[in-house]
**Student:** 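Got a structure for you, written out below as structure tokens; questions coming shortly.
For this chain, numbers begin at 1 and follow the sequence in order.
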Amino acid sequence: MITGTRVSSTDTTGSAGLTNPVRYPEGAPPEVRTKRAFVLLALTLVLPGSAQVVAGDRRLGRRALRATFTCWALIVLGLVLTLTDRTLAVGLVTHRWWSLALIVALLAVALGWALLFVNTLRLIRMPLLERRVRPLVAGALALLMVLTSGSLAYGAYVLGVGRSTVGSIFQSGPAFDPVDGRYNFLLMGGDAGEDRTGRRPDSISVISVDAETGATVTFSIPRNFQNAQFSEDSPLWEVYPDGYNCGDPCIINSLYTDVTQSYPDLYPGAADPGAEAMMDAASGVLGIEVQSYLLVDMNGFEQLVDAMGGIRIDAGGWVPITAAEIPGTDPIRHYPPDGWIKPGVQTLDGYHALWYARSREFVTDYDRISRQQCVQQAMIAQLDPATVLTRFQSIAAAGTQIVETDISQDQLAGFVDLGLKAKGQETRRLTIGPPDFGTPAENFATYPDFDLIHERVQGMFADGAAPAADAPLQLERAGMVSPVQVPAQVPAQTTDDGITEEYLQELATIGDDATLGDLLADNGQCSPA
């Protein structure tokens with residue numbers, strides 16, 4: 001604490017109070033005035049309002065102190081709430097009105113703190129300071145205002161962006177309860193390219209999450225799956241009572257376009273009839289009730305990965321970047337690839353991550369499914385708090401452009417909390433087709449055994465479920481590889497095998513698909529790096 005100084009002999013007031021250099025700095029030595037200036041700044045930083053109490057308007061200072069203590073109490077309450085009831089805490093941040101109130105409060109505190117710093121500058125009385133000290137005090141004041149009021153204002157801005165993003169993506173509607181203790185979400189990767197009629201979800205997965213523990217099971221349904229079944233209470237029952245069984249035109253990913261264009265009236269009031277139909281189909285295939293959907297536009301997926309700063313993976317084999325189709329070819333052929341994604345540990349930007357997930361040239365859909373699962377896992381693993389905070393605006397902007405869902409905004413808090421429980425737990429996986437249901441690939445996808453599928457699905461839910469001896473499951477247990485795990489889930493750990501991009505390109509140019517198929521047989525192997 002600054003000590004008093006001797007009163008000048010010309011002081012006629014005789015007041016002992018005038019000897020206090022904090023409130024009356026005129027008679028203090030230069031070094032005391034300098035110290036006083038930095039002490040007042042520190043007081044405004046640590047305990048806003050205290051500088052006014054000791055050196056200025058005590059009424060203003062007391063009001064500011066009451067506001068400071070109130071803010072401290074609310075912060076402590078928020079921390080306790082986060083530790084004891086995380087769902088409620090997240091709900092306050094994501095709720096449309098509570099989040100608005102929080103934004104207003106942050107801006108009010110930022111403005112009030114800034115005004116206190118300005119008032120502190122008046123109390124410092126810059127003309128009394130030495131010339132060489134004035135720039136230091138002004139610089140410290142500016143820095144502290146940026147760190148305090150600036151940070152609060154930026155926090156309000158980020159919260160506003162998040163609020164806008166949540167409002168754009170999530171719906172206003174009723175919440176839904178778990179079925180048999182689980183929430184089941186349909187995740188689709190939609191593709192509406194220029195060469196296609198309507199959108200077709202080429203990536204189809206059902207994410208089933210235990211409502212209490214967050215334990216997660218992922219079911220992947222191949223795009224060429226046929227004969228999808230519908231329950232009697234599905235609107236599609238009256239159109240396809242025997243299932244979606246018109247042969248090759250009725251592969252499951254064409255159902256989205258079929259319903260959107262021909263039967264939208266079956267789902268009156270639905271924002272996306274095609275997505276509703278895909279939920280019914282997935283429910284029938286798996287024998288469970290799929291309650292909600294998320295549709296990711298694959299063309300916008302590239303923007304999201306770039307917003308994240310790329311994703312880091314360990315690729316097991318070469319993956320071609322497919323070129324345009326050669327006109328008039330039947331079956332369809334493509335020009336030689338536009339490029340290749342090499343094996344090994346690497347960071348993929350949005351363009352290459354998109355092609356890594358969607359390419360299926362020279363290999364099967366099941367290799368692509370494995371790579372899609374790997375990309376999903378890598379994105380989840382790398383969407384850590386640091387990435388979200390530093391790239392929040394870009395990620396939020398990309399999210400509003402590529403994500404569509406029918407999940408209620410009011411239920412978002414509960415699912416965020418459930419997601420936090422799921423993070424770090426084992427994720428068990430089952431592909432509804434080869435290799436989990438035998439080979440060759442065409443047989444099961446074309447003529448599925450639904451009783452067997454339903455049995456295996458329920459087995460995945462059972463505690464301690466293990467893969468059957470005659471049908472290995474794809475399991476991934478916190479990065480540990482099961483002895484029965486299929487090659488597509490084995491971490492890559494690639495070595496230099498002498499294959500070059502030039503050699504692969506030459507094979508593609510001369511049309512040696514058989515050799516390419518052998519060389520790329522391991523390109524479904526992948527793990528997040």
**Student:** Would you mind reporting whether Ser205 and Ile221 have side-chain heavy atoms less than 4.5 Å apart?
**Tutor:**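 When only atoms from C-beta onward are counted, Ser205 and Ile221 do not touch, as no gap falls below 4.5 Å.
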
**Student:** In the structure I gave you, are the side-chain heavy atoms of Tyr351 and Ile321 within less than 4.5 Å of one another anywhere?
**Tutor:**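 Contact flag for Tyr351/Ile321 side chains = yes.
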
**Student:** State whether the number of non-hydrogen atoms from other residues, nucleotides or ligands found under 6.0 Å of Asp449 atom CG is greater than 12.
**Tutor:**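 Yes, the 6.0 Å shell around CG holds more than 12 heavy atoms from other groups.
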
**Student:** Is the distance between the ring centroids of Phe415 and Phe176 less than 6.0 Å?
**Tutor:**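 Between Phe415 and Phe176, the centre distance is under 6.0 Å.
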
**Student:** Answer whether the closest heavy-atom distance between the side chains of Trp318 and Pro343 falls below 4.5 Å.
**Tutor:**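 They are in contact (side-chain heavy atoms under 4.5 Å apart), so the answer is yes.
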
**Student:** Between atom CG of Asp367 and atom SG of Cys526, what is the distance when rounded to the nearest 0.5 Å?
**Tutor:**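 Going from the CG atom of Asp367 to the SG atom of Cys526 covers 12.0 Å.
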
**Student:** For a 4.5 angstrom cut-off between non-hydrogen side-chain atoms, does Ile251 reach Phe225?
**Tutor:**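 Result no, sub-4.5 Å side-chain heavy-atom pair not found.
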
**Student:** When you check the side-chain N and O atoms of Tyr240 and Ser234, is any donor under 3.5 Å from an acceptor?
**Tutor:**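 Judged by distance alone, the side chains do not pair up.
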
**Student:** Answer yes or no: is there a side-chain heavy-atom contact under 4.5 Å between Trp97 and Arg163?
**Tutor:**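 Yes - at least one pair of side-chain heavy atoms lies under 4.5 Å apart.
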
**Student:** Rounded to the nearest 0.5 Å, what's the gap from CD1 on Ile252 to OH on Tyr244? Could you check?
**Tutor:**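 If we round to the nearest 0.5 Å, Ile252:CD1 and Tyr244:OH are 9.5 Å apart.
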
**Student:** Pro336 and Ala323: which non-hydrogen atoms are nearest, and at how many Å?
**Tutor:**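 Scanning both residues completely, I find the closest heavy atoms to be O-CB, 3.2 Å.
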
**Student:** For the atom pair OG1 (Thr431) and CG (Asp436), what is the distance rounded to the nearest 0.5 Å?
**Tutor:**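 Answer for the OG1-CG pair, Thr431 versus Asp436, is 5.0 Å.
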
**Student:** Looking only at non-hydrogen atoms, find the nearest pair between Phe362 and Ala508 and report the distance.
**Tutor:**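 Looking at all heavy atoms of both residues, the closest pair is CZ-CB, 4.3 Å.
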
**Student:** Would you call Leu294 and Met188 a side-chain contact if the rule is heavy atoms closer than 4.5 Å?
**Tutor:**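 Heavy-atom side-chain distance check fails, nothing below 4.5 Å.
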
**Student:** Which atom names give the shortest non-hydrogen contact between Glu212 and Asp210, and what distance separates them?
**Tutor:**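 Taking every non-hydrogen atom into account, N-OD1, 2.9 Å.
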
**Student:** Would you check, one step at a time, whether the test side chain to side chain contact (heavy atoms under 4.5 Å, CB included) holds for Leu519 with Leu504?
**Tutor:** CA-CA 9 Å; Leu519 295 177; Leu504 295 172; 3.9 Å; yes

**Student:** Please examine the side chains of Leu159 and Leu102, heavy atoms only from C-beta on, and report whether any two atoms are closer than 4.5 Å.
**Tutor:**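 Result yes, sub-4.5 Å side-chain heavy-atom pair found.
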
**Student:** Could you tell me which residues satisfy ring-ring contact (aromatic ring centres under 6.0 Å, His included) with Phe230, sequence neighbours excluded, listed by chain and number?
**Tutor:**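 By the ring-ring contact (aromatic ring centres under 6.0 Å, His included) rule, Phe230 matches no residue at all.
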
**Student:** Tell me, please, which residues at least two apart from Phe219 pass ring-ring contact (aromatic ring centres under 6.0 Å, His included).
**Tutor:**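 Per chain and number, Phe219 pairs via ring-ring contact (aromatic ring centres under 6.0 Å, His included) with Phe461.
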
**Student:** Verify side chain to side chain contact (heavy atoms under 4.5 Å, CB included) between Ile207 and Val209, making sure each step is shown before the conclusion.
**Tutor:** CA-CA 6 Å; Ile207 315 298; Val209 187; 4.1 Å; yes

**Student:** Walk me through whether Thr216 and Arg428 qualify under side chain to side chain contact (heavy atoms under 4.5 Å, CB included).
**Tutor:** CA-CA 7 Å; Thr216 303; Arg428 310 184 65 237; over 6 Å; no

**Student:** Please identify each residue that fulfils salt bridge (charged side-chain N to carboxylate O under 4.0 Å, His left out) with Asp365, with sequence neighbours left out.
**Tutor:**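 Result, salt bridge (charged side-chain N to carboxylate O under 4.0 Å, His left out) vs Asp365: Arg223, Arg360, Arg368.
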
**Student:** Can you confirm whether the side chains of Glu404 and Tyr293 place a donor and an acceptor under 3.5 Å from each other?
**Tutor:**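 Looking only at side-chain atoms, Tyr293 and Glu404 do form a donor-acceptor pair, the distance falling under 3.5 Å.
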
**Student:** Which value, rounded to the nearest 0.5 Å, describes the distance between Leu236 atom CG and Met278 atom CE?
**Tutor:**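 If I round to the nearest 0.5 Å, the distance is 11.0 Å.
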
**Student:** Rounded at 0.5 Å granularity, tell me how far CG in Leu187 sits from OG1 in Thr218.
**Tutor:**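 Leu187 CG to Thr218 OG1: 8.5 Å, rounded to 0.5 Å.
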
**Student:** Which heavy atom of Thr322 sits nearest to which heavy atom of Ser359, and what is that distance?
**Tutor:**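 Result for this residue pair: OG1-OG, 3.9 Å.
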
**Student:** Would you mind listing every salt bridge (charged side-chain N to carboxylate O under 4.0 Å, His left out) that reaches into residues 508-521, with sequence neighbours excluded?
**Tutor:**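 Every pair satisfying salt bridge (charged side-chain N to carboxylate O under 4.0 Å, His left out) with a residue in residues 508-521: Arg333-Asp513.
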
**Student:** Would you say that Val319 contacts Leu520 through its side chain, given a criterion of any heavy-atom pair below 4.5 Å between the two side chains?
**Tutor:**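 No, side chains not in contact.
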
**Student:** With a 3.5 Å distance limit and no angle check, can you tell me whether His352 reaches the backbone of Thr347 through a side-chain donor-acceptor pair?
**Tutor:**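 Such a contact is absent between His352 side chain and Thr347 backbone.
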
**Student:** Please, which pairs that meet side-chain hydrogen bond (donor to acceptor under 3.5 Å, both in side chains) have at least one residue in residues 334-344, sequence neighbours excluded?
**Tutor:**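 Qualifying pairs, neighbours excluded: Trp340-Gln505.
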
**Student:** Just jot down the salt bridge (charged side-chain N to carboxylate O under 4.0 Å, His left out) partners of Arg312, sequence neighbours excluded, or say none.
**Tutor:**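 Partners of Arg312 under the salt bridge (charged side-chain N to carboxylate O under 4.0 Å, His left out) test: none.
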
**Student:** Check the pair Asp406, Asp272 against side chain to side chain contact (heavy atoms under 4.5 Å, CB included), reporting the backbone distance first and the verdict last.
**Tutor:** CA-CA 9 Å; Asp406 63 346; Asp272 191 337; over 6 Å; no

**Student:** Measure the CD1-OG distance between Ile204 and Ser220 for me, rounded to the nearest 0.5 Å.
**Tutor:**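 Answer for the CD1-OG pair, Ile204 versus Ser220, is 10.0 Å.
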
**Student:** So which atom in Pro448 and which in Ile453 form the shortest heavy-atom distance, rounded to 0.1 Å?
**Tutor:**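 Nearest pair, atom of Pro448 first, then Ile453: CB-CD1, 4.2 Å.
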
**Student:** With no hydrogens and no angle check, just 3.5 Å: does a side-chain donor-acceptor pair link Asp314 and Gln525?
**Tutor:**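 Per modelled atom types, Asp314 and Gln525 side chains form no pair under 3.5 Å.
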
**Student:** Under a 3.5 Å threshold, yes or no: a donor from one side chain and an acceptor from the other, between Asp202 and Asn253?
**Tutor:**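 Judged by distance alone, the side chains do pair up.
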
**Student:** Determine whether more than 12 heavy atoms belonging to other residues, nucleotides or ligands lie under 6.0 Å from atom CG of Leu83.
**Tutor:**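 Check passes, neighbour count above 12.
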
**Student:** Under 3.5 Å, is there a donor-acceptor pair between the side chain of Gln291 and the main chain of Asn184?
**Tutor:**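 Checking the backbone N and O of Asn184 against the side chain of Gln291, a donor-acceptor pair under 3.5 Å is found.
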
